[in-house]
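Throughout, numbering of the chain's residues begins at 1 and tracks the sequence. Both backbone and side-chain heavy atoms feed into the values below; hydrogens, waters and symmetry mates do not. Whatever order the structure lists ligands and atoms in, that order sets their numbers, starting from 1. Nothing here was measured: the structure is a model prediction, and the numbers come from that model.
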Amino acid sequence: MTKKVFVQTFGCQMNVADSSEMLDALALRGAQETADIDDADVILVNTCTVREHAEHKAVSYLGRLEKWKAARSGRVIIFAGCAAQRLGEKLKKSYQFLDIVAGAKGIENFGGVLDESGLFGTERGGDIIKKSAVTDFVTVMRGCDFKCSYCIVPSVRGPVKCLPPQEILARVKTLAERGVKEIVLLGQTVNAYKYETTDFADLLEAAAAVPGVLRVRFMSPHPLYMTPKLIEVIKNNPKIAKHVHLPAQSGSDKILKDMKRGYDGKMLLDTINALKAAGILVSTDIIIGYPGETEEDFNDTLKLVDAARFSFAYCFKFSPRAGTCAALKNAVSDKDVVKRLDILLNKVKGYAAAAYDRAVGTKQEVLVETPYKGRASGNLWVKFPAKQASGNIVTVLIKKSDGTLLYSE
Ligand code: SF4
């Protein structure tokens with residue numbers, strides 16, 4: 001009998017991509033996805049541990065599944081991903097109803113884990129789950145070789161392992177054949193990708209050349225690997241989105257050094273300016289309240305934001321993670337963090353609105369995601385006055401902006 005799988009994914013796009021791969025492994029063993037948890041025989045919980053809050057959320061979700069499991073015999077619970085990697089098999093002691101723990105480092109062998117459990121059929125040949133989303137994600141590398149002082153990812157995902165280009169492009173082709181129009185290539189430091197003679201710029205062009213692919217994006221790049229070759233490729237290839245989400249984290253040289261990011265404020269701004277000069281919109285991530293951050297350091301971050309005029313920025317309050325160096329250092333007071341975050345958010349909002357306003361009067365190529373909305377190449381949202389077919393790229397004239405949305409003719 002076909003098992004029905006309900007998937008609950010927490011965390012980043014890497015996890016969304018991992019869930020999709022795990023679903024394929026389940027589908028090969030005769031399972032099919034369902035959107036209805038009550039109808040499901042299997043729950044796959046894919047978890048995140050980047051912030052303590054995220055891990056608590058995943059574990060408390062697991063706790064609530066005891067009743068779900070007891071409601072029908074034969075139900076299976078799989079706890080996967082980064083929190084599963086960090087907490088490991090000891091989870092099974094506290095949650096005895098849990099069947100399978102599959103850590104993020106072992107995603108490639110997820111099929112083997114299912115087979116070893118004996119809970120799934122060993123017959124092959126079940127239909128791969130058909131998806132028709134406009135956008136889907138493809139992992140090109142796993143793990144990270146950096147050791148940023150605040151980050152738990154290298155310890156849960158391990159060192160970098162790049163997948164062979166043939167494997168990546170086969171996955172892109174499969175998704176394109178399923179009707180996916182926009183591919184997002186994923187890796188913790190995606191632009192550090194290197195497999196034999198293929199670098200990330202080569203991979204990006206090859207993905208854009210796959211028949212049926214209308215647009216390619218990527219995340220998350222590291223500023224150190226934003227090479228002139230890569231910037232040229234993004235600039236010149238019409239299928240590659242003119243947007244880069246480049247995590248800055250701070251504008252203070254002192255804090256960047258302490259974070260072990262590998263660049264200083266000037267190197268970062270030079271890279272941002274090179275991207276902008278190539279017509280590419282740049283958004284970012286910023287951490288506020290990193291231990292030891294003074295008013296002067298915070299002002300350096302504000303100066304970076306003024307100079308870079310990011311089209312968007314995710315601003316995070318520093319979250320200490322056990323097992324990272326930064327967790328051991330003196331925290332900035334909550335009062336200062338809240339005040340700084342407020343100032344930063346206002347500034348960031350102003351520049352994001354300006355990015356939208358600057359697009360008024362221009363023609364934009366927009367990938368239609370829902371009948372009345374789509375995303376321009378620079379990752380700005382556009383609303384249409386009339387219904388459009390999802391998955392098409394339409395060229396529209398932008399009539400006005402409200403600072404968070406563009407309105408087309
Ligand atoms: S580059 Fe730094 S922040 Fe990003 S995953 Fe690696 S260690 Fe974490």
Practice prompt. Test salt bridge (Lys or Arg N to Asp or Glu O under 4.0 Å) on Glu21 and Arg142 and set out the steps.
Written response: CA-CA 13 Å; Glu21 278 184 43; Arg142 302 188 186 281; 3.0 Å; yes

Sidechain-backbone polar pair: [X] side chain, [Y] backbone, donor-acceptor under 3.5 Å:
{"X": "Trp68", "Y": "Ile37", "answer": "yes"}
{"X": "Asp253", "Y": "Asp264", "answer": "no"}
{"X": "Asp145", "Y": "Val160", "answer": "yes"}
{"X": "Lys4", "Y": "Thr34", "answer": "no"}

Practice prompt. Using a cut-off of 2.8 Å, find all protein N, O or S atoms closer to atom 2 (Fe) of ligand 1 than that distance.
Written response: Cys148 SG

N/O donor to acceptor pairs below 3.5 angstrom from side-chain atoms of residues 224-231, sequence neighbours left out:
{"residue": "Thr227", "atom": "OG1", "partner": "Leu230", "partner atom": "N", "Å": "3.1"}
{"residue": "Lys229", "atom": "NZ", "partner": "Asp199", "partner atom": "OD1", "Å": "3.3"}
{"residue": "Lys229", "atom": "NZ", "partner": "Asp199", "partner atom": "OD2", "Å": "2.9"}
{"residue": "Lys229", "atom": "NZ", "partner": "Asp202", "partner atom": "OD1", "Å": "2.9"}

Fill in: Residue, atom name and distance, where the atom is the protein heavy atom closest to atom 3 (S) of ligand 1
Tyr150 OH, 3.4 Å

